[in-house]
Amino acid sequence: MKTSKDQPRLFFRILGGLLAACLLLAACGTGGHSGELYSVTYLTLFDTVTTITGCAESREAFDAQAQAIYDELLDYHRLFDIYQSYNGLNNLKTINDQAGVSPVEVDSRIIRLLKDCRAYYDLTGGKVNVAMGSVLALWHQARSAGLDDPANAALPDQAALEAAARHISIDCMIINEAESTVYLSDPDVRLDVGAVAKGWAAQRVAETAPEGLLLSVGGNVVATGPKDSSGTPWVVGIRNPDRDDYLHTLNLTDGAAVTSGDYQRCYTVDGKRYHHIIDPDTLFPAAGWRSVTILCADSALADALSTALFLMPRAQGQTLLDACGAEAMWVDTAGTEYFSPGFEAFLRS
């Protein structure tokens with residue numbers, strides 16, 4: 001995650017490629033948000049594709065809005081980075097580096113994120129655990145090596161996984177809100193907020209962004225209101241796990257649509273594909289679903305729920321959805337689709 005606020009912005013004037021889960025499909029409607037439809041895509045945030053779309057009176061006016069959103073997202077990118085340090089900034093890497101050594105004074109946004117992550121852990125019965133960094137690091141290393149050298153791709157060592165799993169207790173994450181510090185009491189615990197960071201950052205930005213924008217941060221799609229004063233919805237697509245097309249399109253006027261899928265960040269070992277969504281109970285990628293799409297008012301919660309439901313039987317996932325006031329669509333390994341009771345009301349096609 002090596003970025004710089006001063007480096008040239010990397011963007012395209014049209015949408016190109018898939019955004020991992022959902023993509024903008026429709027043009028701007030008429031109404032209160034007048035002007036042309038503009039879109040900008042960045043490649044420098046959260047190691048993924050970020051797209052901002054909306055109507056504006058001019059390219060210059062839209063670019064100014066988009067730049068402000070980019071700058072805020074870049075702040076979150078740096079704060080939540082576990083791979084790179086930045087001069088004058090204590091981030092999640094700093095916390096990990098000081099595990100078992102000393103508390104680290106951090107920005108209040110890190111405190112808020114980690115408190116929410118603790119709540120997601122409790123809500124999901126431990127399925128969403130940001131203290132699993134030591135286990136996830138082994139999978140990350142194996143996947144990176146396998147992608148670089150497919151002929152010699154290998155799984156993480158089982159003994160190493162089991163050893164790492166002895167150091168994933170979220171109780172070791174000690175937050176002192178009064179002093180704005182975080183301390184990992186186990187020197188071998190590592191934080192990895194990949195399951196929630198993009199959705200969480202998108203939600204924070206959306207809360208202060210202008211009305212009538214569509215944000216996609218690595219496929220975590222958030223609408224800050226309809227496209228126009230007539231209430232015209234945005235249209236987003238749910239990717240087909242097997243092809244570069246869509247299973248369905250959705251109408252979205254506000255809130256978030258977030259998908260977790262087994263086609264994202266995967267590699268192949270001995271003819272079998274292994275994805276990045278690791279079950280804390282088995283220490284291996286979950287095998288029950290191809291994708292899970294969440295519709296929820298809050299993008300951060302939607303991100304956590306998409307991971308949790310991917311790791312759960314459908315009945316258990318539905319119970320969690322009911323508790324959160326969210327909707328979901330599941331696709332199983334045979335390609336069969338299942339919907340929570342309210343999800344189909346959002347379907348466009």
Y86 and H77 aromatic ring geometry - parallel, tilted or perpendicular at 30°/60° bounds: perpendicular
Less than 4.0 Å between a side-chain N and a carboxylate O, is that true for R118 and D171? yes
With a 6.0 Å cut-off on the ring centroids, do W330 and F310 count as close? no
Minimum heavy-atom distance between A153 and G146, given as atom pair plus value: CB-CA, 3.7 Å
Under a plain distance cut-off of 3.5 Å, with no hydrogens placed, do T44 and Y70 share a side-chain donor-acceptor pair? yes
Identify whether L301 and V193 are in the same connected component of the hydrophobic contact network (ILVMFWY, side-chain heavy atoms under 4.5 Å). yes
Around D270, counting heavy atoms of other residues, nucleotides and ligands shown, do more than 12 lie under 6.0 Å from its CG? no
Would L114 end up clustered with F80 when hydrophobic side chains under 4.5 Å apart are linked, directly or stepwise? yes
Sorted by chain and residue number, the ring-ring contact (aromatic ring centres under 6.0 Å, His included) partners of Y38 (sequence neighbours excluded) come out as F62
Would N176 and Y183 count as having a side-chain donor-acceptor pair, cut-off 3.5 Å? no
Within this structure, what is the CZ-CH2 distance for the pair R265 and W139, rounded to the nearest 0.5 Å? 14.0 Å
Same cluster (ILVMFWY, side-chain, under 4.5 Å), L123 and V130: yes
Answer with yes or no whether the side chains of S216 and T51 bring together a donor and an acceptor at under 3.5 Å. no
Same cluster (ILVMFWY, side-chain, under 4.5 Å), L73 and L92: yes
Can any side-chain N or O of T124 pair as donor or acceptor with the backbone N or O of Y120 at less than 3.5 Å? yes
Assess the pair H140 and Y83: is the distance between their ring centroids shorter than 6.0 Å? yes
Is the backbone N or O of P210 less than 3.5 Å from a side-chain atom of T224, with the two atoms forming a donor-acceptor pair by type? yes
So which atom in A142 and which in L155 form the shortest heavy-atom distance, rounded to 0.1 Å? CB-C, 4.3 Å
With W200, which of D116, D298, D303 fulfils side-chain hydrogen bond (donor to acceptor under 3.5 Å, both in side chains)? D116
So, T259 side chain and T293 main chain: donor-acceptor pair closer than 3.5 Å or not? no
Would you say D63 and Q67 are linked by a side-chain donor-acceptor pair, where the criterion is simply a distance under 3.5 Å? no
Value for CG (L136) from CD (Q141), rounded to nearest 0.5 Å, stands at 11.0 Å
Just say parallel, tilted or perpendicular for the rings of H248 and F339, cut-offs at 30° and 60°. perpendicular
For K93, which of N90, D97, N91 qualifies under side-chain hydrogen bond (donor to acceptor under 3.5 Å, both in side chains)? D97
Does atom CD of E207 have more than 12 heavy-atom neighbours, drawn from other residues, nucleotides or ligands, at distances under 6.0 Å? yes
Minimum side-chain heavy-atom gap L37-C55 below 4.5 Å: yes
Same cluster or not: are I278 and M312 linked, directly or through other Ile, Leu, Val, Met, Phe, Trp or Tyr residues, by side-chain heavy atoms under 4.5 angstrom apart? no
Can we say D242 and R290 salt-bridge, meaning some charged N sits less than 4.0 Å from an Asp/Glu carboxylate O? yes
Okay, side chain of H276, backbone of Q264: is any donor-acceptor separation there less than 3.5 Å? yes
